Amino acid sequence: MAFNNVGPLTFLAPGQTAFWSYTYGADHGTQFASADVKAPNQGAVHMADQQRKRKDNNGNATYFVNIHNQGIGGCFHNLQGGGMS
């Protein structure tokens, strides 16, 4: 299931990184998250990497992703993504 506009708006200046996590009450399989980049954009280019997953003994699954601003200006973002089906 896809998702957009999830989480608080987060500003990244050039060279900054945001560390995100999101949790489901069950294992949703492979998930991918990237930056849902907002306008206005001052020249930001947001890159998602280091996708990770933790599954707890109670069945909860937590997913992690880092978002880096590789652009020449800043911009707000939150998350978008979904499963690999």
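These figures come from a predicted structure and were not determined experimentally. The chain is numbered in sequence order, starting from 1.
Taking every heavy atom of both residues into account, Asn41 and Val37 meet most closely at ND2-CG1, 3.8 Å. Residues Gly71 and Pro14 approach most closely at O-CB, 3.5 Å, considering heavy atoms. Closest approach of Asp49 and Met47 over heavy atoms only: OD2-CE, 3.7 Å. When every heavy atom of Ala33 is checked against every heavy atom of Ala48, the shortest pair comes out as O-CB, 3.6 Å. Nearest heavy atom pair, residue Asn78 against residue Gly7, reads ND2-O, 3.2 Å.
Distance alone, capped at 3.5 Å, places no donor-acceptor pair between the Asp56 side chain and the Gly59 backbone. Although no hydrogens or angles enter the test, the distance criterion places no donor-acceptor pair under 3.5 Å between the side chain of Gln70 and the main chain of Gly15.
The CD atom of Gln51 sits 10.0 Å away from the CD atom of Gln31 when rounded to the nearest 0.5 Å.
Taking the six-membered ring for Trp and the full ring otherwise, Phe32 and Tyr63 have centroids separated by 6.0 Å or more.
The side-chain contact (heavy atoms from CB on, under 4.5 Å) with His77 is formed by just one residue from the set Thr10, Asn5, Asp36; it is Thr10. Partner Lys53 forms a side-chain contact (heavy atoms from CB on, under 4.5 Å) with one of Thr62, Asp27, Thr30 and no other, that one being Asp27.
By the 4.5 Å heavy-atom criterion applied to side chains, Lys38 and Leu9 are counted as neighbours. At least one side-chain heavy atom of His46 sits under 4.5 Å from a side-chain heavy atom of Cys75. Tyr22 places none of its side-chain heavy atoms less than 4.5 Å from the side chain of Phe64.
Of the N and O atoms on the side chains of Gln50 and Asn66, at least one donor lies less than 3.5 Å from an acceptor on the other residue.
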So Leu12 and Ile67, side chain to side chain contact (heavy atoms under 4.5 Å, CB included) or not? Walk me through it.
CA-CA 9 Å; Leu12 287 181; Ile67 306 290; 4.0 Å; yes
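Using bins of under 30°, 30° to 60° and over 60° for the plane-to-plane angle, the ring pair Tyr24/His28 lands in the parallel bin.
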